[in-house]
**Q** 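Have a look at this one.
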Amino acid sequence: MKRILLGTAALALSASVVSAEVVRMGTEGAYPPYNFINDAGHVDGFDIAVGNELCKRAALTCEWATNEWDSIIPNLVSGNYDTIMAGMSITAERDAVIDFTQNYFPPDPSVFVGLSDNIDLPHAVIAAQTGTIQAAHVAETGATLVEFATPDETVAAVRNGEVDAVLADKAFLAPIVDEDSELMMIGPDVFLGEGMGVGVRESDTELKEKLNAAIQSMKDDGSLNELIEKWLPGAATF
Amino acid sequence: MTSPDRNAILAQLNFARSVPRPVFDFCTDPSLLDDLPWLACYLSTGKHMAFYGSFITVLVLLAITAPIALAFGFGGAMAARSSFAPLRWFGKAYTAMVRGVPDIAFFLFVPIAMDQGLEWLRHKVKCPDWDLPVRQGNDFVVCDAAKLPLSSSPQWVHEGYGFALAVAAFAVVFGAFAANVLYGAMQAVPRGQVETGEAYGMTARQTFWRIVVPQMWVFALPGLSNLWLILVKATPLLFLLGVEDIVYWARELGGSKTSTFTYPHSDWRLYYFLALLVFYLLLTQISEKIFGRLSRRLSHGQATLGGEAQRKAAV
């Protein structure tokens with residue numbers, strides 16, 4: 001009997017420790033300016049700025065965790081963290097596995113970048129990050145797709161001539177092209193996806209509603225647009 | 001205290017936390033610095049400190065994993081030699097199956113399975129009145145109290161847990177290889193040695209512990225040293241478990257950086273990987289020396305070519 005009482009006391013104690021609601025936010029940390037590890041070694045970027053503000057408005061305590069892009073969805077559904085904010089566009093394929101909040105970044109163009117604009121895009125060799133909407137798009141156009149694990153490697157592949165061009169979000173590529181005279185944007189913008197949303201587990205409807213309300217309030221008072229202009233100058237706003 | 005005050009203090013606190021004091025006083029504005037001070041500041045950023053720390057992570061992982069894997073291997077080899085059939089089958093199945101699965105597949109599957117298995121057990125104990133299914137479509141959902149580690153735990157607990165899963169996964173994989181090496185080494189001990197023990201009236205257990213085990217190491221050493229060097233180089237698999245090892249940081253730090261970062265630079269991965277090359281070669285060199293010494297010591301007095309050569313040299 002004594003043992004049972006002790007057991008229940010321990011249970012009650014551990015339960016009270018848990019009551020503080022902590023939401024673990026998953027991100028990649030390799031896609032500036034959306035999310036990256038800054039020189040101080042902390043996660044930083046547009047996703048993190050928006051995420052922290054959402055947590056404040058929804059009265060949640062948030063902790064950031066980084067995870068490789070390849071396994072970022074499997075680790076969400078198995079419960080290692082509770083959200084994905086990693087510049088992830090809302091697509092039908094992803095929506096079949098996880099749920100998305102309303103978008104916190106409007107549909108933004110992707111663009112091809114290469115070393116010369118004399119490239120026959122439908123027949124060229126194009127780099128894209130594995131498992132992105134850009135990779136899916138390249139595969140559809142009939143060009144030869146070369147996939148890389150991180151965004152940085154896709155650009156490095158263009159620089160060293162391994163591929164003819166890279167397809168990625170314009171906001172990611174624009175600062176890189178600005179600072180490298182050899183690189184240039186090729187062809188018109190490509191519109192893919194339905195904007196970026198916060199990924200949550202399908203069973204986590206309560207968290208999804210809280211985040212949806214917080215995103216709406218940030219859209220309403222213009223603070224979301226301010227963050228977009230700060231981190232992604234020139235990008236579309238709401 | 002009114003709330004604006006508190007917000008201001010909080011903002012200051014946040015600022016203080018996100019911009020740690022630089023190691024050198026002159027690092028306040030890197031864009032104004034000359035090459036050498038710039039490099040000094042660059043190499044002492046918080047991110048580089050994490051890089052240097054990851055060398056220790058890797059060495060600690062190796063120091064913990066190697067003896068555990070050896071223990072798994074010893075257990076597996078003993079099981080494979082057992083006269084009790086189910087134990088023998090278990091030992092043989094362990095070495096055959098684990099060695100046959102690609103490491104990367106094993107690392108993606110086993111830690112997630114272990115993690116979910118533990119969480120499920122805790123869920124059954126801690127939340128008996130939970131009425132929702134644990135598997136909801138793609139989702140694996142347990143009650144908050146059963147999460148491992150708890151969502152509210154600080155980041156280092158999450159990292160420590162990932163590290164422990166990594167040690168377990170490495171130990172199981174490398175244990176299977178070690179089991180095969182040790183099994184072979186046990187079989188290589190000359191039959192005559194064991195027979196002599198039996199002639200003195202030793203039991204099977206006594207001949208195993210007093211004759212086979214002390215003599216087998218010299219046969220196992222070449223195989224074990226191979227395994228050790230493979231283990232040393234297998235640490236990039238850690239990132240699959242969210243543990244950031246030296247290769248992850250080298251790739252992350254070496255990638256080209258735009259002026260979004262405080263220290264912009266072009267693609268420097270070559271230099272970072274050269275540093276890793278030096279580290280790995282040093283580690284290999286030290287390992288070789290230690291294994292050479294061990295081999296000499298273990299050959300002493302053995303009925304092998306090495307032992308015979310030592311005996312002749314001593315005469």
Side-chain angles (χ1 to χ4, degrees), chain A residues 7 11 14-15 17-24 29-30 32-33 36-42 44-45 52 61 63-68 70-71 73-82 96-98 149-153 155-156 159-160 172 174-180 201-204 231, chain B residues 14 17-20 22 30 41-42 45-51 108 112 115-116 119 125-127 132-133 136-145 147-148 150-155 158-159 162 239-240 242 244 248-249 251-264 266-267 269:
Chain A
L11 265 180
S14 59
V17 175
V18 185
S19 63
E21 192 166 11
V22 176
V23 174
R24 286 174 55 78
F36 57 95
I37 314 284
N38 65 19
D39 289 281
H42 301 297
D44 203 351
N52 286 340
T61 315
E63 289 275 350
W64 290 90
T66 51
N67 195 92
E68 205 176 20
D70 268 354
S71 57
I73 290 181
N75 273 316
L76 173 74
V77 294
S78 77
N80 291 351
Y81 36 80
D82 308 306
V97 184
I98 59 175
T150 62
D152 180 62
E153 285 167 304
V155 180
R159 286 201 177 104
N160 63 29
F172 164 69
I176 296 173
V177 173
D178 281 347
E179 292 174 28
D180 188 333
R201 279 183 293 276
E202 287 184 330
S203 54
D204 224 348
W231 284 101
Chain B
N14 263 332
R17 203 181 50 170
S18 62
V19 185
C41 294
Y42 172 68
T45 56
K47 206 171 177 179
H48 274 85
M49 293 301 164
F51 175 50
L108 280 174
I112 288 185
D115 178 47
Q116 294 194 350
E119 285 189 349
V125 174
K126 295 207 168 199
C127 310
L132 295 167
Q136 300 177 24
N138 291 307
D139 300 358
F140 177 81
V141 185
V142 293
C143 63
D144 282 343
K147 282 262 172 73
L148 207 64
L150 298 173
S151 297
S152 52
S153 321
Q155 185 59 25
H158 285 273
E159 278 167 18
F239 191 56
L240 292 174
E244 286 145 357
Y248 163 80
W249 280 117
R251 201 167 64 168
E252 169 62 36
L253 285 161
S256 58
K257 300 281 181 291
T258 63
S259 45
T260 313
F261 295 85
T262 327
Y263 297 89
S266 56
D267 192 339
R269 282 181 299 176

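Residue numbering restarts at 1 for every chain, and letters A, B, ... go by the order of the sequence lines.
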**Q** Could you look at Glu179(A) and say if it's the side chain, the backbone, both or neither that has a heavy atom under 4.5 Å from chain B?
**A**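 The answer is the side chain of Glu179(A).
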**Q** Examine whether an atom of Asp44(A) lies under 4.5 Å from a heavy atom of chain B, and if so say whether it belongs to the side chain, the backbone or both; otherwise answer neither.
**A** neither
**Q** Tell me, for Arg24(A) versus chain B, whether the close heavy atoms (under 4.5 Å) come from the side chain, the backbone, both or neither.
**A** side chain
**Q** So which part of Asn80(A) gets closer than 4.5 Å to some heavy atom of chain B, the side chain, the backbone, both or neither?
**A**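 The side chain, not the backbone.
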**Q** Counting heavy-atom pairs under 4.5 Å to chain B, which of Ile37(A), Ile98(A), Val155(A), Asn67(A) comes out on top?
**A**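 So the answer, after comparing Ile37(A), Ile98(A), Val155(A), Asn67(A), is Ile37(A).
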**Q** Between Ser256(B) and Arg159(A), do the side chains contain an N or O donor and an N or O acceptor separated by less than 3.5 Å?
**A**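 Yes, side-chain donor-acceptor contact under 3.5 Å.
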**Q** For residues Ile112(B) and Asn75(A), determine if any side-chain heavy atom of one lies less than 4.5 Å from a side-chain heavy atom of the other.
**A**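 Ile112(B) reaches Asn75(A) side chain to side chain.
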**Q** Given a strict heavy-atom distance threshold of 4.5 Å, which part of Ser259(B) is in contact with chain A: side chain, backbone, both, or neither?
**A**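 Contact with chain A involves both backbone and side-chain atoms of Ser259(B).
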**Q** Contact part of Phe51(B) toward chain A, heavy-atom cut-off under 4.5 Å: side chain, backbone, both or neither?
**A** neither
**Q** Using the side chain to side chain contact (heavy atoms under 4.5 Å, CB included) rule, take Lys257(B) and Asp39(A) through it: C-alpha gap first, then chi angles, then the decisive distance, then the call.
**A** CA-CA 10 Å; Lys257(B) 300 281 181 291; Asp39(A) 289 281; over 6 Å; no
**Q** Counting heavy-atom pairs under 4.5 Å to chain A, which of Glu159(B), His158(B), Arg269(B), Lys147(B) comes out on top?
**A**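 Between Glu159(B), His158(B), Arg269(B), Lys147(B), the count favours His158(B).
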**Q** Please classify the contact between Phe36(A) and chain B as side chain, backbone, both or neither, with a heavy-atom cut-off of under 4.5 Å.
**A** side chain
**Q** Tell me, do Gln136(B) and Arg201(A) make a side-chain contact under 4.5 Å, heavy atoms counted?
**A**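 Not in contact.
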**Q** If I compare all heavy atoms of Lys47(B) with all of Asn38(A), which pair ends up nearest, and what's the gap?
**A**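 That closest heavy-atom pairing would be CD-O, 3.4 Å.
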**Q** Quick one: which of Gly79(A), Ser78(A), Gly29(A), Ala156(A) has the most heavy-atom pairs under 4.5 Å with chain B, could you say?
**A**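 If we count pairs closer than 4.5 Å to chain B, Ser78(A) comes out on top.
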**Q** At a 4.5 Å cut-off on heavy atoms, which part of Ala174(A) comes close to chain B: side chain, backbone, both, or neither?
**A**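 For Ala174(A), neither part sits under 4.5 Å from chain B.
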**Q** Partners of Asp139(B) by salt bridge (charged side-chain N to carboxylate O under 4.0 Å, His left out), sequence neighbours excluded?
**A** none
**Q** Below 4.5 Å from any heavy atom of chain B, which atoms of Asp82(A) appear? Answer side chain, backbone, both or neither.
**A**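 For Asp82(A), side-chain heavy atoms alone lie under 4.5 Å from chain B.
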**Q** Determine the option with the most heavy-atom pairs under 4.5 angstrom with chain A, choosing from Thr260(B), Thr258(B), Asp267(B), Thr45(B).
**A**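 Between Thr260(B), Thr258(B), Asp267(B), Thr45(B), the count favours Thr258(B).
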